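Only one structure is covered here, and it is reproduced in the block below.
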Amino acid sequence: MIFPPTLPATGLGDDAVWHWFAQAIADRSAKLGDPLSLAHMDPPTPELAARLVGLNAQYNQNLLHAALSPFATEAEQCVIAWLAPYFGMRAGHMCAGSTLANLTALWAAREAGARAVVASADAHISVPKSAHILGMAYRAVPTDSGGRIDIAKLGDLHEAALVLTAGTTGRGAIDPLARHAARWLHVDAAWAGPLRLTSYADRLAGIECADSIAISAHKWLYQPKDSALVLFADPDMQSAISYGGSYLATPNIGVQGSRGAAAIPLLATLLAWGQSGLAARIERNMADAQQLADYLAAHDGAQLHQQPVTAVVNWRPRYRAFEAVAAALGPSASRTQINGDLWLRHVAANPHADIPAICARIAAALG
Ligand SMILES: Cc1ncc(COP(=O)(O)O)c(C=O)c1O
């Protein structure tokens with residue numbers, strides 16, 4: 001370990017620690033904006049958002065108390081008012097990630113009478129985790145060959161919160177977005193939700209019939225962590241998951257108590273880029289993923305698993321050893337299991353990715 005084994009009795013001083021930490025963070029963090037980086041759902045932070053996070057931290061705004069965060073509170077209301085209509089939703093709030101957004105939404109579902117949670121076998125782990133925390137039964141439904149929930153196997157949903165995923169973690173599949181007669185419909189759009197603001201909006205057609213939606217802004221809205229939205233069709237559901245307290249001027253909505261002003265960098269990014277600027281970045285990611293998939297489909301040494309739907313590409317080497325190829329690809333690829341088999345995985349979340357350079361690296365790895 002690089003740190004003293006116990007808390008030092010005497011401090012090193014701010015300057016020394018600043019330089020040490022600045023260097024350590026730079027040296028030992030993945031470079032998400034590197035042209036070869038294409039492995040995960042985490043984008044590099046835009047400069048504007050990064051600067052605002054630092055500035056905002058100096059004021060340490062707390063969304064729990066509107067009096068401590070008048071600007072941040074207004075910024076969050078504005079973000080929700082701008083984004084919710086793209087999804088047919090009418091209310092919502094921000095939280096630290098879609099794990100929490102899924103938990104919050106399923107809490108609301110339980111308050112609305114849902115007794116069990118049903119989701120596909122490819123749903124994110126936060127979905128069964130939330131069911132467990134909430135004391136709700138959980139049922140996983142098999143997926144079809146495209147990685148979508150198999151609607152023929154949904155079973156009885158009249159007491160269930162059905163969770164459909166718009167952009168599964170492993171392969172980016174979009175479940176058929178319809179109510180399917182569920183008591184509550186939650187769409188986990190943590191990854192692919194922002195496609196609604198692009199020319200690919202139709203891929204998420206049907207999302208507007210959801211009761212609740214989770215979206216990670218720290219994925220395809222290019223935000224630093226911790227930034228996500230939970231949206232509701234019925235604004236009253238926010239009250240169903242609120243607690244008042246003698247020391248609170250307004251009730252605490254949702255799971256988190258004190259929370260930071262993630263809406264400020266998000267609002268600033270949306271304002272700086274506009275809808276067209278955001279769409280252009282996402283559409284470039286989509287084009288990048290397609291270009292990579294086309295390259296892999298044409299390469300004799302590679303087996304493409306499926307055409308990308310939400311900028312997630314899965315493939316594996318046909319002749320070379322999987323581990324050797326994975327190691328040679330470094331930050332260009334991650335890995336995932338599909339039906340028990342190991343596949344490489346690329347996620348196009350990096351606006352600075354250089355696809356020809358990544359293809360050249362793949363070519364070298366495949367020999
Ligand atoms: C489909 C899906 N849902 C939920 C999550 C959890 O989101 P977060 O990492 O923001 O907690 C992820 C994360 O990758 C995801 O891919």
Side-chain angles (χ1 to χ4, degrees), residues 30 32 38-43 45 49 83 87 92-107 109 117-134 138 140-141 143 146-149 161-177 185-196 203-204 207 210 212-231 254-256 259-260 262-263 265-266 282 285 289 308-314 333-338 343 345-350:
L32 298 170
L38 206 73
H40 295 284
M41 292 177 166
D42 309 72
T45 304
L83 295 181
F87 301 88
H93 62 273
M94 294 192 71
C95 53
S98 282
T99 295
L100 278 183
N102 285 338
L103 174 63
T104 310
L106 290 173
W107 175 18
V117 177
V118 175
S120 101
D122 276 7
H124 188 260
I125 51 161
S126 57
V127 179
K129 192 199 287 185
S130 298
H132 183 69
I133 293 170
L134 292 163
Y138 185 73
V141 177
T143 54
R148 297 166 298 244
I149 196 166
L162 173 64
V163 178
L164 298 176
T165 307
T168 55
T169 316
R171 37 179 163 161
I174 302 175
D175 288 336
L177 302 179
L185 175 62
H186 173 63
V187 178
D188 177 359
W191 165 240
L195 281 181
R196 276 308 267 182
R203 295 205 176 175
L204 270 58
I207 196 167
S212 56
I213 298 174
I215 302 164
S216 284
H218 57 215
K219 301 190 196 297
W220 234 352
L221 290 174
Y222 305 100
Q223 291 305 291
K225 293 172 191 64
D226 302 302
S227 186
L229 299 97
V230 55
L231 302 175
V255 177
Q256 282 179 268
R259 62 188 173 89
L266 176 54
I282 297 173
N285 289 151
V309 181
T310 63
V312 180
V313 178
N314 305 113
S334 52
R335 58 183 68 204
T336 190
Q337 286 198 4
I338 301 176
W343 292 80
R345 168 179 176 263
H346 303 273
V347 185
N350 173 12

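On a predicted model such as this, the values are computed, not experimentally measured, just so you know. Sequential numbering from 1 along the given sequence is applied to the chain's residues. Whatever order the structure lists them in is the order used to number ligands and atoms, beginning at 1.
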Could you check [atom] against the protein and tell me its nearest heavy-atom contact, residue, atom and distance included?
{"atom": "atom 3 (N) of ligand 1", "answer": "Asp188 OD2, 2.6 Å"}
{"atom": "atom 14 (O) of ligand 1", "answer": "Lys219 NZ, 3.0 Å"}
{"atom": "atom 12 (C) of ligand 1", "answer": "His124 CD2, 3.2 Å"}

Looking at every heavy atom in both [X] and [Y], which two are closest together, and how far apart are they?
{"X": "Pro176", "Y": "Leu164", "result": "O-CD1, 3.3 Å"}
{"X": "Leu38", "Y": "Ala348", "result": "CD1-CA, 3.7 Å"}
{"X": "Thr165", "Y": "Ala123", "result": "OG1-CA, 4.1 Å"}

Proximal ligand 1 atoms for [X], defined as those under 4.0 Å from one of its heavy atoms:
{"X": "His218", "value": "8 (P), 10 (O)"}
{"X": "Asn102", "value": "4 (C)"}
{"X": "Ala190", "value": "2 (C), 3 (N), 4 (C), 5 (C), 15 (C)"}
{"X": "Thr169", "value": "1 (C), 2 (C), 14 (O), 15 (C), 16 (O)"}
{"X": "Met41", "value": "14 (O), 16 (O)"}

For this session: Carefully, step by step, assess Lys225 and Asp42 under the rule salt bridge (Lys or Arg N to Asp or Glu O under 4.0 Å).
Result: CA-CA 9 Å; Lys225 293 172 191 64; Asp42 309 72; 2.8 Å; yes
Where does [X] meet ligand 1, judged by heavy-atom distances below 4.0 Å: at the side chain, the backbone, both, or neither?
{"X": "Ser98", "answer": "both"}
{"X": "Thr99", "answer": "both"}
{"X": "Thr168", "answer": "neither"}

Taking the side chain from [X] and the backbone from [Y], do they hold a donor-acceptor pair closer than 3.5 Å?
{"X": "Gln223", "Y": "Ala217", "result": "no"}
{"X": "Trp343", "Y": "Arg171", "result": "no"}
{"X": "His218", "Y": "Ser227", "result": "yes"}
{"X": "Tyr222", "Y": "Ile282", "result": "yes"}
{"X": "Asn350", "Y": "Leu32", "result": "yes"}

Problem set entry | Polar proximity ligand 1 side, Trp191 side, N/O cut 3.5 Å exclusive | no
Exercise. Is the shortest distance from a heavy atom of Gly167 to ligand 1 less than 4.0 Å?
Worked result: yes
